[in-house]
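Following: one structure in structure tokens, then a few remarks.
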Amino acid sequence: MKVASNYIKNVVDTLKTTFVGMKITGKYLLQKPITVQYPDERLPIPNRYRGIHYLEQEKCINCLACARACPIDCIEMDAVRHGKELEWITFTLDYQKCMFCELCVYPCPKDCIHMGTEYAFVSYDRSEFNHDLLSYKGMAREAKVRMIEADKKKQAKAEAKAAKAAAEAASAAADEGAATAGTADEDAPEDDTAPE
Amino acid sequence: MGFLEKQFQENVLTTKVDWLLNWCRLSSIWPMTFGLACCAIEMMAVGCAHHDIDRFGAGAFRASPRQADLMIVAGTVNFKMAERIKRLYDQMPSPKYVIAMGACATGGGPYYKFGYTVVKGVDRVVPVDVYVAGCPPRPEALLEGLMKLQEKIQNSSVIRRPARTA
Amino acid sequence: MDFQGIHDRLQAIQAPGLQGADEPREPDPENKKDKGRFGDPFVLVDAKLLPAFLQVCRDDERLNMDLVADFTATDPAKDDENLWINVQLLSIGQKHRLAIKCMIPKANAVMPTSVPVHRSCQWHEREAAEMYGITFEGHPDPRHILLPDDWVGFPMRKDYEFPEEYHGISCK
Amino acid sequence: MTSTAQETHEPTITRSDEEVVLDSGEREFMFDVRTQDMEVNFGPQHPATHGVMRILMRADGEVCTGAQPHLGYLHRCAEKIGENVEWLQYLPYTDRYDYLAAMNNNLGYSMAVEKLMGVEIPRRALMIRTICAELNRIGSHLIAFGTYGLDLGAFTPFLYMFREREWMMALFEKICGARLTYSYIRIGGVFNDAPPGWLSEVERFCDTFEEKWKEYCDLLMVNHIFVKRTADVGVIPVDMALDFGLTGPMLRGSGVDFDLRKDMPYELYDEIWKDKAFEIPVGTGEKGTLGDCWDRVYVRVMEMMESIKIVRWCLAAIEPGPVIADIPKTLRVPPGEAYVGIENPRGELGHYVVSDGGKVGVRVRVRGPSFVNLAVLEAILPGALIADAIAIIGSTDIVVGETDR
């Protein structure tokens with residue numbers, strides 16, 4: 001008898017709890033679905049999202065701080081320095097290794113490498129993941145202009161100095177002339193470093 | 001087949017058949033439940049309500065490789081697992097596709113340098129069709145990868161099958 | 001109980017293999033090269049008597065160390081001739097911890113197993129054995145646990161060289 | 001699953017002399033059914049292994065007579081990496097062993113290094129750390145509970161639980177920018193202050209979650225089928241639990257009232273516990289024997305609510321202030337060794353760090369709770385039915401990233 005009553009109790013319990021479950025499921029039947037229709041509508045990406053990197057190349061000074069901070073050395077950068085201006089050769093970030101930890105962003109002294117809100121990066125070929133962050137190779141136009149101007153200034157200054165020194169050497173007395181030339185030598189490098 | 005192959009190349013009928021077959025294939029890519037590591041959680045998220053992968057016809061996660069078309073390698077592959085992956089891939093019926101999800105499956109990821117047991121890229125074991133970057137990628141990125149795969153299937157030809165290299 | 005109390009108790013019951021204690025200290029201001037030692041205090045135990053020591057810790061009612069929280073090894077440096085065995089004990093009843101350290105020579109890394117005392121040591125010892133090349137005498141299941149069975153070398157040793165390839169898959 | 005026949009003798013059925021008299025007075029005869037012993041390989045590719053783990057089971061008919069877990073299918077050399085990268089650079093790797101509770105891992109590692117350095121953490125940072133760790137505990141238990149339902153054949157709760165988890169992940173995304181691998185709790189505090197409006201959104205999450213939590217209980221915990229499949233299955237007695245060194249919900253499910261947050265408090269838990277803001281749920285044996293699968297799931301489900309209480313306490317007490325202590329950019333950790341165990345969703349996560357005063361650690365040892373908890377399968381699977389094996393494995397709630405590291 002007890003077996004039969006147990007059996008009936010089991011059946012009743014099952015039906016009862018199933019009904020409770022179905023009630024909850026049914027409650028959601030008429031609600032608006034939460035699915036995001038991805039390619040058409042997109043979830044808002046917060047500002048702090050750690051997505052694909054981008055680089056403000058004009059600010060970068062090729063100090064290698066980000067490359068050193070990276071736990072897996074996925075940043076490779078190389079540039080040639082012309083006076084104050086940089087000629088970029090390469091700045092790549094390897095997404096085959098990168099783990100989006102943001103440790104490269106904070107050591108930057110010029111605050112020029114950032115993580116953007118772009119997240120979808122797919123490819124048929126994994127070598128494409130060796131991502132080039134440079135927006136231009138070589139030198140920027142402004143930098144080139146600045147460099148040429150600086151060069152010109154430098155040249156002009158050197159010429160002026162040479163002319164002055166020659167004139168002084170020619171006109172003034174020998175012992176006084178040497179002292180003035182010394183001060184001119186000290187002034188010259190400071191002028192070079194202010195091309196703007 | 002050599003003679004027939006030439007006959008059917010630029011035919012209106014074959015292009016239509018191609019289109020139809022490709023359309024059938026790309027709208028029902030059944031992936032295999034094959035979660036390895038962290039990326040598997042995002043793969044589960046793709047299957048859930050927010051990013052419902054069923055909208056692309058790829059929501060029927062199969063437990064058996066015999067019923068699956070797509071292997072999403074979601075996570076780090078190490079040497080012990082690599083031979084199992086190879087075996088699972090061999091068990092899948094053709095045409096079969098592989099998505100390498102995340103940095104670890106793509107090229108070793110964060111374990112590239114000191115991971116002595118980590119395979120540096122699952123393409124050393126099985127051929128990969130689409131790579132998805134991220135560690136782990138957002139669910140949307142995986143959907144993007146799936147769409148890229150569908151694009152690839154759409155552009156392939158059934159009659160002129162490209163030689164696959166294992 | 002704090003560490004001092006545990007150490008006193010261990011001395012009072014004459015725990016087998018107890019060799020001493022090491023407590024953290026501030027750097028010596030006079031000696032510039034001394035950087036001090038920070039962190040946790042621990043007791044030094046003879047590796048050969050570790051199972052007996054663990055049993056005493058478990059059975060003594062004042063110490064009552066029920067759990068082996070962690071059992072691991074450490075290779076301190078490439079040119080160091082010893083490996084460390086680090087055991088962390090936890091008492092659920094008394095709510096205290098005890099750190100144990102043993103030294104075993106790298107040249108002859110053999111010590112008795114602690115599995116008869118705590119079964120939780122079984123997997124920890126298997127891991128330590130494959131990673132550091134320590135032989136646990138009397139271990140019931142001395143197989144590899146994390147690495148493949150045919151793996152060569154002991155990866156966690158400081159002088160380990162990374163493999164070139166494994167079963168035809170290149171590691172570079 | 002693949003199976004291989006071991007012996008080829010014919011199945012025989014013999015009636016044993018024992019007979020059992022049930023309470024109802026009916027007599028039940030025990031039959032000795034001798035069948036071939038089979039080896040059943042469970043995994044590594046199986047939807048119910050929660051990752052890649054292989055269990056080699058020996059089955060005699062329907063009964064499992066032996067089980068041997070095989071690990072290492074996700075061994076990622078985390079400890080070796082810890083000896084090769086700088087202290088701060090190791091932090092992102094801590095995300096990746098227990099990837100369901102990355103905040104807790106960050107917290108454990110940071111606390112171990114802080115213990116060596118002796119840094120004092122600003123109070124606001126402690127608050128945010130606690131909030132994040134507890135929210136992540138909820139998220140982790142949601143997955144554990146949801147996938148457990150999935151293993152036992154209930155698909156719908158899984159979808160519901162992922163809905164809440166998506167919200168929780170969106171919260172984390174707002175504060176640190178990643179969904180799964182946060183690296184947010186850093187050595188010395190937290191990395192970034194909470195953005196404006198974040199704390200009030202956490203509050204809204206708590207309100208909504210409390211309602212939904214009741215639904216989950218109705219859906220699964222009292223469901224008759226669920227109870228039948230979990231009660232009296234996979235019982236772990238207290239002695240066995242202690243012998244195997246189990247911690248966390250596995251231990252509390254066996255009725256031991258031990259939680260590191262209460263018994264060996266760290267960070268702010270001392271204060272919160274003294275305020276009686278939360279309780280430690282312990283298995284009661286309500287539906288079956290004490291220490292069965294149902295009790296373990298029960299502990300996890302109740303813990304979610306306690307986490308909500310802790311979050312609410314922090315939200316009420318949080319004050320503005322700095323969020324990170326003044327630590328140098330390149331960490332030089334003073335020499336010494338420290339072990340810190342914290343209460344992860346799965347048990348005690350221990351970090352044992354050794355430093356020699358340099359930039360790079362000498363040893364970073366991770367004591368993963370899953371690794372220890374998994375070992376108990378060797379003892380509880382033999383004697384269980386093959387059909388119950390899934391229920392038992394699911395109730396241990398392992399994350400393979402942590403067992404293998």
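All values below were derived from every heavy atom in this structure, side-chain atoms included, with hydrogens, water molecules and symmetry-related copies excluded. Just so it is clear: chains get the letters A, B, ... in the order the sequence lines come, proteins before strands, and each one is counted from 1.
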Quiz item: Are D:S183 and A:R50 close enough that some pair of their side-chain heavy atoms sits under 4.5 Å apart?
Solution: yes

Exercise. Give the ring-plane orientation class for A:Y106 versus D:F191, where under 30° counts as parallel, over 60° as perpendicular and anything between as tilted.
Key: perpendicular

Quiz item: So what's closer than 4.5 Å to chain A heavy atoms on D:R179: side chain, backbone, both or neither?
Solution: neither

Exercise. Return the option, out of A:K27, A:E102, A:R48, A:M22, with the maximum number of heavy-atom pairs under 4.5 Å with chain D.
Key: A:R48

Quiz item: Near A:K59 NZ, under 6.0 Å, is it more than 12 heavy atoms from other residues, nucleotides or ligands?
Solution: yes

Exercise. Go through the atoms of A:N47 and report whether side chain, backbone, both or neither lie under 4.5 Å from a heavy atom of chain D.
Key: neither

Quiz item: chain A: which of D:A178, D:A170, D:G177 shares the most heavy-atom pairs with it under 4.5 Å?
Solution: D:G177

Quiz item: Between A:P46 and chain D, which part of the residue has a heavy atom less than 4.5 Å away: side chain, backbone, both or neither?
Solution: side chain

Quiz item: Any side-chain heavy-atom pair from A:K23 and D:D218 closer than 4.5 angstrom?
Solution: no

Quiz item: So does D:K212 have more than 12 non-hydrogen atoms from other groups sitting under 6.0 Å from NZ?
Solution: yes

Quiz prompt | The single option from A:T17, A:T18, A:N10 passing side-chain hydrogen bond (donor to acceptor under 3.5 Å, both in side chains) against D:H224 | solution = A:N10

Quiz item: Do other residues, nucleotides or ligands put more than 12 heavy atoms under 6.0 Å from the CD atom of A:E56?
Solution: yes

Practice problem: Side chain from CB out, backbone as N, CA, C, O: work out which of these in D:Y90 comes under 4.5 Å of a heavy atom of chain A, or both, or neither. | Solution: neither

Quiz item: Can you say whether D:L91 sits under 4.5 Å from chain A via the side chain, the backbone, both, or neither, judging by heavy atoms?
Solution: neither

Quiz prompt | Any D:I225 side-chain heavy atom under 4.5 Å of A:T14 side chain | solution = yes

Quiz prompt | Which portion of D:L220 sits near chain A, non-hydrogen atoms under 4.5 angstrom | solution = neither

Quiz item: Among D:V85, D:D193, D:I81, which residue forms the greatest number of heavy-atom pairs with chain A at distances under 4.5 Å?
Solution: D:D193

Self-check item: Greatest number of heavy atom pairs closer than 4.5 Å to chain A - which of D:N192, D:L219, D:T181, D:L88
Solution: D:N192

Quiz item: Of the backbone (N, CA, C, O) and the side chain (C-beta and beyond), which part of D:K214 lies under 4.5 Å from a heavy atom of chain A, both, or neither?
Solution: neither

Exercise. Measure distances from D:P195 to the heavy atoms of chain A and classify the residue's part below 4.5 Å as side chain, backbone, both or neither.
Key: both

Practice problem: Heavy-atom distances under 4.5 Å only: say whether A:K16 touches chain D with side chain, backbone, both or neither. | Solution: neither

Quiz prompt | Any side-chain heavy-atom pair of A:I24 and D:Y160 under 4.5 Å | solution = yes

Quiz item: Do A:I34 and D:R163 have side-chain heavy atoms sitting under 4.5 Å apart?
Solution: yes

